[in-house]
Amino acid sequence: SLAAKGDGAAAEGLQVFLVDHAGHPRCVEAQVALAELALLDSPPRVKAAELALAEAEKFKELSEPVWQRLAYTRMWCREAAADWKGVVEAGLKWLQDWPQADLAAAVRMKVADAYFRQEDFANAQTQFELVAKNHARSDYAETALYLAGRCAVNLTNFDAAIGLWESVAIQGGRLSRQARIQQAQAKRREGKEPEALKVVDELLAEKDLDPTVRRLLTCDKAEMLILLGAKEARHLKSAVTLLRSFLAEPELPAVWQVRAGYWLAFALET
């Protein structure tokens with residue numbers, strides 16, 4: 001109860017319980033809780049956590065849920081130590097032993113993240129997509145699809161990234177808008193400015209956009225219009241009109257004045 005409330009006396013209370021009730025069936029839970037509290041410290045006390053887990057494993061006849069929690073917390077130790085290879089090894093072993101367990105989605109997300117941190121984007125993408133496929137109703141599914149798109153971009157597979165973000169966008173969840181922004185940027189990087197412009201215009205039509213996001217999208221739109229202006233002059237005129245309107249915004253921060261001012265000058269010179 002103390003641990004759940006974030007009370008600093010939780011660890012002391014667990015230690016007292018272990019001394020006063022040695023051999024009690026719930027001593028295993030107390031040791032695991034001590035390990036988790038050690039990992040939540042800043043900085044994490046990894047060695048203390050591993051010692052607590054070693055003590056927990058000394059108990060006989062542990063149930064499967066307890067073994068799962070022990071193995072999961074050991075993986076958390078590797079994460080706290082920034083041992084990403086260790087996270088992958090521990091996570092894949094966990095998934096091999098308990099593929100259908102409740103924690104499977106969380107474990108696979110950690111494995112995917114560890115691959116991503118090692119810049120092994122191909123394996124990271126595979127693991128993120130497996131989360132979305134095998135745990136489609138979990139809280140992790142949307143995030144997994146979005147991050148799979150990030151992996152695809154790092155692999156310069158823009159078509160795959162756009163498709164993954166489209167899957168996120170059509171779900172209408174909390175990452176839907178961000179996925180569409182990423183789609184526009186990927187289409188632009190692929191040289192598909194007309195398609196990117198269409199997505200940006202749809203986003204700019206939304207009334208509840210964050211001001212910073214709106215400014216970013218407006219500048220992106222202007223820059224794409226200027227690129228298209230190399231073939232059709234009307235796009236240059238549209239860019240000039242858009243940038244002048246943008247620069248007329250009251251109290252526009254300097255960073256945006258500089259960016260928009262540069263491109264306005266470039267468009268006028270062109």
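All of these numbers come straight from a predicted model, not from anything done at the bench. Numbering starts at 1 and runs along the sequence shown.
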Just do the salt bridge (charged side-chain N to carboxylate O under 4.0 Å, His left out) check on Glu79 and Arg117 with the steps written out, would you? CA-CA 11 Å; Glu79 182 182 40; Arg117 289 173 184 271; 5.9 Å; no
Should the heavy atoms of other residues, nucleotides or ligands under 6.0 Å from CG of Asp139 be counted, would the total exceed 12? no
Would you please classify the geometry between the Tyr146 ring and the Trp165 ring as parallel, tilted or perpendicular, with 30° and 60° separating the classes? tilted
Given side-chain contact (heavy atoms from CB on, under 4.5 Å), test Leu103 with Trp94 step by step and report yes or no. CA-CA 10 Å; Leu103 282 172; Trp94 197 102; 3.6 Å; yes
Once you round to the nearest 0.5 Å, how far does CD of Glu232 lie from CG of Leu225? 11.0 Å
Please evaluate residues Leu164 and Glu166 with respect to the criterion side-chain contact (heavy atoms from CB on, under 4.5 Å), reporting the C-alpha separation (whole Å), side-chain torsions for both, the decisive distance (0.1 Å), and the verdict. CA-CA 5 Å; Leu164 288 162; Glu166 179 64 22; over 6 Å; no
Any chance you could lay out the side-chain contact (heavy atoms from CB on, under 4.5 Å) test for Thr212 and Trp256, step after step, and finish with the verdict? CA-CA 10 Å; Thr212 299; Trp256 297 107; 4.1 Å; yes
Hey, is the main chain of Leu175 close enough, under 3.5 Å, to the side chain of Glu142 for a donor-acceptor pair? yes
Are Leu252 and Trp263 joined in one hydrophobic group, where the rule is that I, L, V, M, F, W and Y side chains link up if heavy atoms are under 4.5 Å apart? yes
For Glu50 and Lys47, run salt bridge (charged side-chain N to carboxylate O under 4.0 Å, His left out): C-alpha distance rounded to whole Å, both residues' side-chain angles, the deciding distance at 0.1 Å, then the answer. CA-CA 5 Å; Glu50 290 176 334; Lys47 289 186 178 179; over 6 Å; no
Connected via hydrophobic side-chain network under 4.5 Å: Trp76 and Leu92: no
Look at the side chain of Ser245 and the backbone N and O of Thr241, then say whether any donor-acceptor pair between them is shorter than 3.5 Å. no
Is Trp98 reachable from Leu95 through a run of I, L, V, M, F, W or Y residues, each pair having side-chain heavy atoms under 4.5 Å apart? yes
Salt bridge or not between Arg177 and Glu202? Use side-chain N to carboxylate O under 4.0 Å. no
Straight-line distance of Arg108 CZ to Ser138 OG, nearest 0.5 Å: 11.5 Å
Assess the residue pair Lys198 and Glu195 against the criterion (side-chain contact (heavy atoms from CB on, under 4.5 Å)); give the C-alpha distance rounded to whole Å, side-chain angles, the decisive distance to 0.1 Å, and a yes or no. CA-CA 5 Å; Lys198 182 179 178 181; Glu195 293 182 25; 5.7 Å; no
Kindly compute the distance separating CG (Asn134) from CD (Gln127), expressed to the nearest 0.5 Å. 9.5 Å
Please evaluate residues Lys192 and Asp159 with respect to the criterion salt bridge (charged side-chain N to carboxylate O under 4.0 Å, His left out), reporting the C-alpha separation (whole Å), side-chain torsions for both, the decisive distance (0.1 Å), and the verdict. CA-CA 11 Å; Lys192 297 179 179 178; Asp159 285 341; 3.6 Å; yes
Which residue is it: Val87, Val88, Thr126? I am looking for the one with a side-chain contact (heavy atoms from CB on, under 4.5 Å) to Tyr115. Val88
Decide salt bridge (charged side-chain N to carboxylate O under 4.0 Å, His left out) for Lys231 and Glu193; before the verdict, give the C-alpha distance in whole Å, the side-chain angles of both, and the deciding distance to 0.1 Å. CA-CA 12 Å; Lys231 294 182 178 180; Glu193 284 84 5; over 6 Å; no
Can you find a pair of side-chain heavy atoms, one from Leu51 and one from Glu55, that are under 4.5 Å apart? no
Given the options Arg214, Arg188, Arg215, Asp220 meets salt bridge (charged side-chain N to carboxylate O under 4.0 Å, His left out) only with Arg188
How far does CG of Asp113 sit from CZ of Phe128, to the nearest 0.5 angstrom? 6.0 Å
Check whether any side-chain heavy atom of Arg189 sits under 4.5 Å from a side-chain heavy atom of Val153, and report yes or no. yes
hydrophobic_cluster_shared for Tyr140 and Leu130, side chain cutoff 4.5 Å: no
Take Arg69 and Ser63, measure what side chain to side chain donor-acceptor pair (under 3.5 Å) needs, and give me the verdict at the end. CA-CA 10 Å; Arg69 188 175 172 193; Ser63 66; over 6 Å; no
For Arg259, does the CZ atom have more than 12 heavy-atom neighbours from other residues, nucleotides or ligands under 6.0 Å away? yes
Leu264 reachable from Met224 in the ILVMFWY side-chain graph, under 4.5 Å edges: no
Nearest-0.5 Å distance, CG of residue Leu145 to CD of residue Glu129: 7.5 Å
Quick one: CD1 on Ile162 to CG on Asn157, what's the gap to the nearest 0.5 Å? 9.5 Å
